[in-house]
Amino acid sequence: MEFVLYEEQGSVAVLTINRERALNALNSTVLEELDQTINAIDLDTIRCLIITGAGAKSFVAGADIGEMSSLTKEEGEAFGRKGNDVFRKIETLPIPVIAAVNGFALGGGCELAMSCDIRICSENAVFGQPEVGLGITPGFGGTQRLARIVGVGMAKQMIYTARNIKAAEAYRIGLVNQVCAAETDAEGNVVKTAQEVLMETARKLASTIAKNAPIAVRNCKKAINEGLEAPMDQAIVIEEKLFGDCFETEDQKYGMAFFLDKNKEKVKAPFLNR
Ligand code: CO8
């Protein structure tokens, strides 16, 4: 792959958009490679995916403006569909996905982060939907997901003004769950950069998720995602079905038997994903 790096460590995988010289902007090739990499994830082994960008400056600075600049209406729509299809695949991937936002998350970058289940960022992160300043609309899900995440009023303000927001503001409005700052010693020397802390935090979070019963975690993701799109009466039926599906799995039997076992010396074994 030219623009996507993929690395597995136990049951956690890290996917890095690797086009640093263009601040990891998404051109057709990046989108294609992102799609192929997602398709190839071994979901029997990997229990949580982290998506990040190469370098300390940018997560993804948007869709590639050079590539978009000469598109016709039809080509623009097709490009939008290409991004939407990949991002929807990420959103509906059976396992949880964490966006580790290490800098600019603009336009398609903010939209990529929003297709992930959880967003955490470094203190230098900047979020925004600058599209109307370029004469287009957010076209990789931004007009839909931002309002669902931060509320309609704030989403409309961000999109209509095209103004970027910093990490602290993104945290305040609920666009990210956590902001990671650099660690310094008593003399003020940086001992860990914000990006190092970010990746450490993301990996810890991913490992915590990966330790839980995988079928149950997947069913939670499905129940939350599908339930949010349905009226409450249907949403609770979705929940009931996915709740029921966990019973008779080996992990459910083991998880409950472990709790009920009164032997205080016991050590919990890993869940089997069965
Ligand atoms: N596309 C292409 N190249 C980019 C992009 C981008 N989105 N962002 C940065 N680059 C390139 C720059 O052109 C530059 O390349 P070069 O060195 O060859 O000149 C390199 O990355 C470094 O960038 P800068 O020199 O500009 O770095 P600065 O630190 O000065 O600025 C910024 C960083 C503020 C992030 C600045 O690069 C910037 O404003 N980038 C554009 C941000 C933006 O507007 N993003 C939204 C794009 S639109 C979008 O994402 C729409 C998604 C939906 C598409 C739907 C299709 C129908």
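Each ligand, and each atom within it, is numbered from 1 in the order the structure gives.
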* Asked: Is atom 36 (C) of ligand 1 less than 4.0 angstrom from some protein heavy atom?
  -> no
* **Ion pair Lys241/Asp245, N-O distance below 4.0 Å** => yes
* Asked: What atoms in ligand 1 come closer than 4.0 Å to a heavy atom of Phe79?
  -> 56 (C)
* Asked: What is the nearest protein non-hydrogen atom to atom 38 (C) of ligand 1, stated with its residue, atom name and distance?
  -> Leu106 CD1, 4.8 Å
* Asked: Would you say the side-chain atoms of Arg47 pair up with the backbone N or O of Ala210, donor to acceptor, closer than 3.5 Å?
  -> yes
* Could you tell me whether Met68 approaches ligand 1 through its side chain, its backbone, both or neither, with non-hydrogen atoms closer than 4.0 Å? => side chain
* Region of Glu67 engaging ligand 1 - heavy atom pairs below 4.0 Å -> neither
* Should you measure from each heavy atom of Gly76, which atoms of ligand 1 turn up under 4.0 Å away? -> 57 (C)
* Protein heavy atoms: any of them under 4.0 Å from atom 50 (O) of ligand 1? -> yes
* To do: Could you establish whether Gly83 and ligand 1 come within less than 4.0 Å of each other, counting only heavy atoms on the residue side?
  => no
* Starting from atom 27 (O) of ligand 1, find the nearest protein heavy-atom neighbour and note its residue, name and distance. => Lys57 NZ, 3.6 Å
* Any N or O on Ala63 sitting closer than 3.5 Å to an N or O of ligand 1? -> yes
* **Asn39/Lys89 under side chain to side chain donor-acceptor pair (under 3.5 Å): CA gap, chis, key distance, verdict** => CA-CA 9 Å; Asn39 287 341; Lys89 197 175 275 180; 2.8 Å; yes
* Nearest protein heavy atom to atom 57 (C) of ligand 1: under 4.0 Å? -> yes
* Applying a 4.0 Å heavy-atom criterion (strictly less than), which segment of Leu26 is in contact with ligand 1: side chain, backbone, both, or neither? -> neither
* Nearest protein heavy atom to atom 14 (C) of ligand 1, by residue and atom, and its distance? -> Arg21 O, 4.4 Å
* To do: Return yes when at least one protein heavy atom is under 4.0 Å from atom 12 (C) of ligand 1, and no when none is.
  => no
* With a 4.5 Å limit on heavy-atom distance, are the side chains of Cys246 and Asn219 in contact? -> yes
* When you measure from atom 42 (C) of ligand 1 to every protein heavy atom, which one gives the shortest distance, and what is it? -> Ala61 O, 3.4 Å
* Shortest protein heavy-atom distance from atom 53 (C) of ligand 1, along with the residue and atom involved -> Gly139 N, 3.3 Å
* Side chain, backbone, both or neither: which part of Pro130 has a heavy atom under 4.0 Å from ligand 1? -> side chain
* Identity and distance of the protein heavy atom lying nearest atom 4 (C) of ligand 1 -> Ala22 O, 3.9 Å
* To do: Take the angle between the ring planes of Phe247 and Phe243 and call it parallel below 30°, perpendicular above 60°, tilted in between.
  => perpendicular
* To do: Return a yes/no value: protein heavy atom under 4.0 Å from atom 29 (O) of ligand 1?
  => yes
* Asked: Which ligand 1 atoms, with their elements, are less than 4.0 angstrom from a heavy-atom of Asp64?
  -> 1 (N), 2 (C)
* **Heavy-atom protein neighbour under 4.0 angstrom from atom 16 (P) of ligand 1** => no
* To do: Compute the shortest N/O to N/O distance between Gly66 and ligand 1 and return yes if it is under 3.5 Å, no if not.
  => no
* Any protein heavy atom nearer than 4.0 Å to atom 44 (O) of ligand 1 -> yes
* Please check if the distance between the ring centroids of Phe140 and Phe79 is under 6.0 Å. => yes
* **Under 3.5 Å donor-acceptor, Glu33 side chain and Val4 backbone** => yes
* Just jot down the ligand 1 atoms closer than 4.0 angstrom to any heavy atom of Glu111, in number order. => 52 (C), 53 (C)
* Could you see which bit of Phe104 sits under 4.0 Å from ligand 1, with heavy atoms only: side chain, backbone, both or neither? => side chain
* **Under 4.0 Å to a heavy atom of Leu134 - the qualifying atoms of ligand 1, by number** => 44 (O), 47 (C), 48 (S)
* To do: Answer yes or no for atom 23 (O) of ligand 1: protein heavy atom present at a distance under 4.0 Å?
  => yes
* Asked: Any idea which protein heavy atom is nearest atom 1 (N) of ligand 1, and the distance to it?
  -> Ile65 N, 3.0 Å
* Please write down residue, atom name and distance for the protein heavy atom closest to atom 31 (O) of ligand 1. => Leu23 CD1, 4.5 Å
* With a 4.0 Å heavy-atom cut-off (strictly under), which part of Ala25 contacts ligand 1: side chain, backbone, both or neither? -> side chain
